[in-house]
Amino acid sequence: MRTIIVLSLFLLSIRYVRSAPKGVTASLKAKWSMTPFLLETSEFIGEDGNEKFWQFADTSVRSYYNLIIKKAGQFLTDLQVNLLKFALALRSYSPAVHASQQIASDEPPPEACPAFVSIHGQHSCSTKDIKKLLKAAAGRPKPYLYKNDHRYPGVIKTDVPVVILYAEIGTKKFSSFHKVLSEKAEEGTLVYVLRHFVAPQKMLLSGYGVELAVKSTEYKAVDDTKVKGRQLNKTLDDDNDEVQGFLFGSLKKSHPELQEQLVELRKHLLESTNDMAPLKVWEMQDLSFQAAARIMSVPKFDALKLMRELSQNFPSKARSLTRVAVKQEMRKEIEENQKHLSETIGVHPGDGELFINGLHIDLDIHNPFSILDILRGEARVLEGLHNLGIKGEQQGKLLRLPVNAVDDNYALDIRHPAIMWINDIENDSMYRSWPTGVQELLRATFPGVIRQIRRNFFNLVLFLDPAQEESVELVKLADLFYKHKIPLRIGFVFVVNTKDDIDGFSDAGVGFYRLLNYIADEYDLSQTLLDQMNVGETLSVDTLSAYVKRKFPKANAKRILGVDSEYDDKRKDGALFYKKSGLHALPLALFNGVPLSPDEMEPDELETIILQRIMDATTTFQRAVFMGQLSESSDVVDYLMEQPNVVPRINPLILSTDRKYLDFTATPGDLCYSSHHPILIHYPHSPDDGMSIVTMWIVGDFEKVPGRKLLLNALKHQKASRGVRVGVIDNPNGKPSEDNTVLYRAIWASFLTQKNKAAIEFVQKLLKEESSQLLQHGTKMKELLMQGMDVDGFEKKFNTLEVDFIHSQQLFCRDVLKMSPGQRAVISNGRILGPFEEQEEFTVDDFHLLEKITLSGSTEKVKANIKQMGMKPKHASDLVMKVDALLTAAPKGEVRRDVSFIKDTHRWAMFFFFFFFFSVDCPVGSAISRGGIHSPLVLSQVVNVRLQVFMNCKAKLSEMPLKSFYRFVLESDVTFQANETVSPGPVARFIELPESPLLTLNMITPEGWMVQAVRSPHDLDNIHLQEVNGVVTAEYELEYLLLEGHCFDLSTGQPPRGLQFTLGMSHHIDIIVGYFQLKANPGAWILRLRKGRSEDIYQIVTHDGTDSPADAGDVIVVLNSFHSKIIKVRVQKKADKMNEDLLSETSESKGIWDSIKDDGEKKKEDVLNIFSVASGHLYERFLRIMMLSVLRHTKTPIKFWFLKNYLSPSFKETISHMAESFGFQYELVQYKWPRWLHQQTEKQRIIWGYKILFLDVLFPLAIDKIIFVDADQIVRADLKELRDLDLEGAPYGYTPFCDSRREMEGYRFWKTGYWASHLGHRKYHISALYVVDLKKFRKIAAGDRLRGQYQALSQDPNSLSNLDQDLPNNMIHQVAIKSLPQEWLWCETWCDDASKVTAKTIDLCNNPKTKEPKLTAAARIVPEWVEYDNEIKQLLSRVQEQGDTAKRKQTPSPSQHKKG
């Protein structure tokens, strides 16, 4: 009762005035259509395996959200269901669904067809037509299939038709098609592929941030034009907010009669808390610690919410924090922990960091979509460990084990006697003048210089067949290296005939080898090797004999080359080494043991490749010396050969980076469950603890020779290796019966009844060919039994064994291992190698290599951890195998950090089960880390977590750490409206905003998103809530996903300047800097060289990161996720175009234009190209007036180029009307600030950057010159005159600042300090107007130079204060500026009144002395400005009236999803 009275008195004290709540909302929708939750769910489930996708598709019907989640629960764990809900809230899989939709549009789909099949280009909406279309399909080309296509898991055949079904899972049409096609796919008569196909509808997105930055009001830059158009009567959903301890949602429910008074009370409280008065410097110093103290003072379950509240509304909360007292013990503990964190994991005070299970999540790179992927990966591993019975602390220990990334650069051990070394850098006298110390590697040299040090750092081994033609060229190259004293030790392995009865008179290779030995014994090998290889163009018996007679006339040829030659020593060694090494076809080379690919063995390329390898290896050695790993006493070759990538044999199958693993974490209902595991063979000399660290399963048909040989090799390897178990799985060629499983049943019976040693000896006897022959000729099994065996036990078991268990193993091979009957494979700790080809051998050496590679991961550490669990040896060995498979199969990321604290009294944690999150966070960090604060709060609602937060405060702040309001748009689950339909989507809501400051809205989106404002009547660059009635709404659209790439000329290694690409049919880009951006929506796109000179001169050679094979002609790129996609393209000039230059003077004027205009002979139209940028309604108003002033002073056709990134929706809506009315062309250009270039955070500085940093890539190559004109300029002359001005070889021309207005002398910063000394006699130029010769600009790579200098200078926040102006003036010595005549730019601030008469343009630049508002200055300084303004206002008024009529007719469409 007391509470009600107090509340009533409080309400009575407030004067009642009815007013709408004020605030800002921002939303972001996808440009493509809404995708159904059912299809997104199918993509989520499909990531866990193709079979699961089809099982879900088979049983799904179109249904409500809750039913979809329930259905998905049949295929997912509870944890995965929570992640699915989060993925659906994020719409994370929408691009994957829409990609299919875009591919379908290229077919194109038949009219009014909800589902259809495409059979080799022919379409049908009916199942009845399938049979007819299949008959003629063979005569038509097969369609292209993408990596992410859903192929039905039927019989795999390549010679059958491909049928693509475009349909929506869950519909009746899908079911009817699916029934027919799945049956035929199972029969093996066709390949069945499903792609999603749905009806269109818009949707809102999440996973981005929205910032309202507080703007400086030193210069008034707000438009005074009133916002017209329909009022948006939107309200903010704020009922559940707590303000100063009052829960208004609860109060409104308890006291409905006080609704209006409660609204006023809430508004009063908000205004009283949002004190934006600026803080003194001394008040700011402790803000970070005060924020931490405030957060620590509330219960831990509320702490994250308060942390988010403070960080997202910091400008209005800062003053209240200054009154918070900070305990000295808390400050001391934080500082001690900070010192420890800095030393252990490199986290410094003020850094905002997030760790998930020890993985560092870089918040500058990661976003909710990539974090979702990380969570899914972590969930698989943690659930796998849980299913294997590993819980609690042991889970964390195993998870943190370092798993080595798969090496793709294996080396062969070159310390082999079969290698014939022709030189030795360390011991040969010819190198004695070289220094020997490894420290010489650290001595500075000119770039590209190869250091001459008397150590065998670089070793080249050539495997040659002397009789091959290519061998001569390779030996010549080796001799070239030798004679030029390149510090390269060179060795040869000659692979020749190994037969005993062969001689040098019948085999040239053998003759060559014997002659080589003769020379080595009698002469100096290195001096005469090349001479011997020069016996002729090709080595033959005749040329060899002639060479011996000519060079060694006194020698006895028969004694050298004959059958009984004395010089045949070790002839077989080379061939045996080559065979044992497993290397590919001759000739081949090893550099420091690493094999070169066949492509690199071309003699013309090999020299460059070897020299490049030397340079690369030098860097590695330098690092080793610096880190103390390589010392003066080290043997360099031994050091090289003891690296983890050195193996005894090169087997591509074993060393491949593309590895498949069995999932041992399955449940009893799954095929991979342990009931299918084979009996395992332990060798008598098992380790002392009885645990086996490596488990190998041998799969094959053991009635056949290859199967028996494979198992025999495995047992031979097991005998030589401790801690290896061998299991046997039978995969008979036919249906299992007693007749075709005799051998396998005997193996099985022996291990069930005999002691280990006896069983192994018996199995080895059985596997020998003589035993097999005896059995085939009628010998009984009991006659093969060995002494010491339990004969009765064996016979009883052998005679009673059924074949059913063999049939189950055959099913395991078919359904889990995907093997056909009779095929062979080896499985090592869950890693599947095979199936092998029919003639493919897997030798004992291969088993040795396989064990080495298996142990190269974390197997030893897994064993050590499991040993501590005190299990029986057999169960422990099983667990080692299963855990090793689980951890090794998991994607390899960063090393997990073990984050610990010295003290943790003032660190709070929330304890749940399963996940371990660790966040090191500054409570008042950057905009990006503010999103990081929101993420754990949402993710804690998605999955069970143990969340720890450390207050990483920064002491002695000198400025406000956060100058903006911020919202992160992210929800843990799909939300629903009151009518049970899905809400349109998440929205950023700002409801606790002070009304006095001027705000500017920025969207902070994941990399690769091209976002634009599409609807808002308000000026989003200048939001002033005092002048707004109601809510400022901003609607944005994800216009494109960005495809980024790097392009290089393979011959030069440089970017092919002037090369043009097209993506799909419309988007094109010019390659100037080696980096390119292409814009597209989800779908499959073809990347091609643009028709014209690009296609004529160049060809695409290879490409990485695309969705087509590296050597395919068509480069296909599939955009099917919100993640950034980055590709690499390598091109090369065609053989007959090697001397052509895309940017040459002779070719560009005609050739480039020909590539853009169909009529190559047509003369270029004389067009004046004007570039400008603007943001906010005021500057867009100035921009329109500038355009009109340009048009009124020239007769030349005009084309305006505007940066689209920051234009308002109203400008983009009206520019086409203005173009039609005033008669000009225009184009909106877009460019995303590249991720590799230092990012700016303030919108104004970003816009300045766009003015200067990307001039070479913003515009098509056809444009020779462009003029930049500031939006707030008025032109009084023909700009054609400026375009045609001779720049005297400079790439651009700027106007210098005026010196004539003397009273402003104190404000001319360029006349003193740094600028005075840097410029010398040169002038400081203003960036309000400049002309760019784009041909010259690109030719001298001015863009690269400017970006390079910007990258260096911008790291310092105090440099480049006027970025667009300071940068070209700073670079004036490297990129020349042509100083334009002074009359080209007049500005009242710097120029006197007398010079105004001759002014060709007038710039409304700010006056630092008077700070006069722009609008006032414009009307006073430029009389015609008002006339232009009125003329444009009349046009916009007519356009507004037409638009209002059209908008009234639009009605929103309802959501298609219901909750159920």
Side-chain angles (χ1 to χ4, degrees), residues 35-50 52-53 55-56 60 65-97 148 205-207 354-359 361 366-387 395 399 663 665-667 886 889-891 893 910 912-919 931-932 934-947 968-975 982 985-986 1006 1120-1123 1457:
T35 48
F37 287 135
L38 182 66
L39 305 191
E40 291 183 32
T41 303
S42 73
E43 290 293 327
F44 182 95
I45 290 172
E47 284 202 349
D48 284 340
N50 195 40
K52 278 192 176 180
F53 171 87
Q55 288 166 13
F56 180 76
S60 294
Y65 175 79
N66 282 349
L67 289 176
I68 294 169
I69 297 299
K70 189 176 179 182
K71 187 71 197 172
Q74 297 174 17
F75 302 90
L76 304 171
T77 64
D78 291 344
L79 174 59
Q80 289 169 332
V81 167
N82 288 335
L83 290 172
L84 167 64
K85 290 177 181 178
F86 182 45
L88 294 177
L90 267 176
R91 311 310 299 244
S92 185
Y93 290 86
S94 179
V97 175
N148 296 314
L205 300 173
S206 65
L354 177 66
F355 291 84
I356 299 179
N357 290 345
L359 291 174
I361 309 301
H366 285 285
N367 54 58
F369 304 98
S370 58
I371 290 175
L372 172 62
D373 290 343
I374 291 168
L375 289 180
R376 290 200 71 185
E378 294 296 288
R380 288 189 192 104
V381 176
L382 287 166
E383 284 191 319
L385 292 171
H386 185 263
N387 291 344
Q395 248 187 24
L399 194 65
D663 178 10
T665 65
T667 54
L886 176 66
M910 297 160 60
F912 298 84
F913 170 67
F914 230 115
F915 271 82
F916 169 72
F917 267 71
F918 175 74
S919 175
H934 188 84
S935 297
L937 190 64
V938 173
L939 295 175
S940 65
Q941 300 164 26
V942 176
V943 292
N944 292 323
V945 300
R946 189 180 126 205
L947 176 64
F968 194 71
V969 183
L970 184 67
E971 293 180 353
S972 61
D973 196 357
V974 177
T975 55
V982 175
N1120 61 354
S1121 80
F1122 286 118
H1123 297 302
H1457 293 299

> So, taking the atom named NZ in Lys71 and the one named CZ in Phe56, what distance separates them when rounded to the nearest 0.5 Å?
8.0 Å
> Under 6.0 Å from the ring centre and within 45 degrees of the ring axis: does the NZ or CZ of Arg376 meet both conditions for the six-membered ring of Phe44?
yes
> Starting from the C-alpha separation in whole Å, work towards a yes-or-no answer on side-chain contact (heavy atoms from CB on, under 4.5 Å) for Lys85 and Gln941.
CA-CA 11 Å; Lys85 290 177 181 178; Gln941 300 164 26; over 6 Å; no
> Let me see the working for Arg91 and Phe37 under side-chain contact (heavy atoms from CB on, under 4.5 Å), right down to the final yes or no.
CA-CA 8 Å; Arg91 311 310 299 244; Phe37 287 135; 3.4 Å; yes
> Would you compute the distance between atom CG of Leu88 and atom CG of Leu83 and round it to the nearest 0.5 angstrom?
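So the CG of Leu88 and the CG of Leu83 are separated by 11.0 Å.
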> Distance from Glu43 atom CD to Asn1120 atom CG, nearest 0.5 Å?
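One gets 8.0 Å once the value is rounded to the nearest 0.5 Å.
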> Give, for atom OG1 of Thr41 and atom CG of Leu76, the distance between the pair rounded to the nearest 0.5 Å.
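Between atom OG1 of Thr41 and atom CG of Leu76 there are 9.0 Å.
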> Quick one: pull up CD in Glu40 and CG in Leu84 and give me the separation to the nearest 0.5 Å.
9.5 Å
> Identify the heavy atoms of Phe1122 and Leu90 that sit nearest to each other, and give their distance.
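The answer is CE1-O, 4.2 Å.
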> Less than 4.5 Å apart, any side-chain heavy atom of Leu399 and any of Glu378?
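Leu399 vs Glu378: side chains touch.
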> Could you tell me the separation between the CD atom of Gln55 and the CG atom of Asn50, rounded to the nearest 0.5 Å?
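It is 10.0 Å, given to the nearest 0.5 Å.
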> Would you sort out whether Phe86 and Val938 count as a side-chain contact (heavy atoms from CB on, under 4.5 Å), showing the intermediate values?
CA-CA 9 Å; Phe86 182 45; Val938 173; 4.0 Å; yes
